[in-house]
Amino acid sequence: MTGNGLPLEGVRVVEMTHMVMGPTCGMILAQLGAEVIKVEPPAGDKTRALGGMGTSFFPLFNRGKRSIVLDLAKAEDRETMHRLLASADAFLENFRDGLLEKQGLGADELRKRHPHLIVTGHKGFLSGPYDHRPALDEVVQMMSGLAAMTGTRDKPQRVGSSANDIMGGMFGVIAILAALYQKRGGRTDGADIRIGLFENCLFLVAQHMVEYEMTGRQPRSMPEREHAWPIYDIFDTEGGDRIFIGVVTEGHWQSFCREFGLKDFAEDPSLRTTTDRIMARERIIPRVAEEIKRWSAADLSAKLDSLNICFSPINRPEDLLKDPHVLRPGGLVSNVNADGKPFHVPALPVEWNGRHIGDGLKVPVLGADTQAVRAELDGHQYNPTGNAA
């Protein structure tokens with residue numbers, strides 16, 4: 001949780017979220033050193049029981065937090081919630097607009113009782129005509145055009161992860177850090193922050209929107225796009241493995257042609273510029289594919305690495321558990337699930353003063369910290385044997 005010289009040590013966050021977007025925000029804040037107290041209903045966060053593709057949701061996005069159980073249908077638990085918020089720097093929620101008002105936790109009530117609080121709501125949409133709608137990652141990918149750009153016109157395709165939910169959590173962190181920084185100047189009031197899942201996705205497709213505005217041409221989807229580089233493709237190798245190769249600079253073009261038997265391309269005056277080569281892809285790519293197929297994946301990777309040319313095997317997620325870079329010291333961190341079983345997860349993708357972040361985090365058992373947090377609010381030091389001192 002807190003400690004170990006992490007930058008958010010001493011910051012308390014109260015989280016009342018579920019699924020992915022809100023929990024991602026709390027998870028990142030916890031890894032940066034904040035104390036994150038997750039408030040769950042008596043039945044627990046509903047993602048605790050998910051299976052299939054949702055199996056990883058709760059353990060992955062709730063590591064490093066404390067869990068307390070409050071039944072907000074009870075007046076005494078609602079008052080405990082307000083006492084907890086009074087002790088906190090930030091409050092995270094991701095409920096439909098109007099729902100928290102019924103529990104005495106609406107925006108007006110929070111601002112009146114806790115003017116210092118940074119309130120961050122993770123919603124489907126920012127304020128506007130659609131702000132009453134619920135949303136899911138796949139819904140906003142379809143709405144924003146991301147699915148159309150990832151797939152084809154006939155078959156839109158969602159991105160293969162909860163990309164917008166996770167990015168929404170990241171924008172929540174960014175906004176909270178900005179609010180905390182603002183307080184350094186002596187301000188005592190908090191902030192009302194709203195994060196929109198749809199707007200996250202809109203941010204991702206902005207490059208295509210601006211392309212259309214500037215050129216008047218409809219952007220083509222990724223499988224159908226006009227390539228910006230002459231060699232930017234997936235190729236088959238000798239043993240049947242596949243590899244992606246991207247040749248994007250003049251130096252790379254010259255060295256690639258030299259090393260892979262394409263000297264005639266390098267000397268061809270009709271292929272003098274990158275634009276010339278892009279226009280000639282129909283004759284360049286089949287020849288390149290023919291040469292690449294003479295190489296084993298291992299030898300080809302070593303050669304491309306020595307030439308400093310971008311390349312990648314076509315991995316599946318499970319392949320990363322054997323990747324030497326992922327397995328470098330600190331690349332994967334060991335965490336412990338609520339059932340006591342360890343699991344491995346990529347470290348937070350930053351290094352802090354040369355350190356990797358996120359090792360040793362635990363997924364909380366439902367309500368494991370309820371008594372301790374209640375004792376702290378009462379001004380007592382909690383004894384883990386079960387007695388308040």
With salt bridge (Lys or Arg N to Asp or Glu O under 4.0 Å) as the rule and sequence neighbours excluded, what pairs involving residues 311-327 come up? R316-E318
State which residues pass side chain to side chain contact (heavy atoms under 4.5 Å, CB included) with K303; sequence neighbours excluded, sorted by chain then number. E259, F260, W295, S306, L307
Residues at least two apart in sequence or cross-chain that pass side chain to side chain contact (heavy atoms under 4.5 Å, CB included) with A86, listed by chain then number, are H114
What residue pairs, at least two apart or across chains, pass salt bridge (Lys or Arg N to Asp or Glu O under 4.0 Å) with a residue in residues 46-58? E40-R48
For R287, side chain to side chain donor-acceptor pair (under 3.5 Å) partners two or more places apart: D264
Can you list the residues that meet the side chain to side chain donor-acceptor pair (under 3.5 Å) rule with T370, with sequence neighbours excluded? none
Salt bridge (Lys or Arg N to Asp or Glu O under 4.0 Å) pairs, two or more places apart, involving residues 336-352: none
Pairwise ring-ring contact (aromatic ring centres under 6.0 Å, His included) hits with a residue in residues 17-61, at least two apart: H18-F95
Applying side chain to side chain contact (heavy atoms under 4.5 Å, CB included) to A280 and not counting sequence neighbours gives L271, R283, I284
Could you list all the salt bridge (Lys or Arg N to Asp or Glu O under 4.0 Å) pairs where at least one residue sits in residues 193-209, not counting sequence neighbours? D97-R194
Who passes side chain to side chain contact (heavy atoms under 4.5 Å, CB included) against P42, sequence neighbours left out? V69, D71
Acceptor/donor pairs from residues 133-144 side chains to any protein atom, 3.5 angstrom cut, sequence neighbours excluded:
unit_1 : atom_1 : unit_2 : atom_2 : d
D137   : OD1    : Q141   : NE2    : 2.8
D137   : OD1    : N164   : ND2    : 3.0
D137   : OD2    : A163   : N      : 3.3
D137   : OD2    : N164   : N      : 3.1
D137   : OD2    : D165   : N      : 3.1
E138   : OE1    : R158   : NH1    : 3.4
Q141   : OE1    : V159   : N      : 2.7
S144   : OG     : V140   : O      : 2.9
S144   : OG     : L146   : N      : 3.3

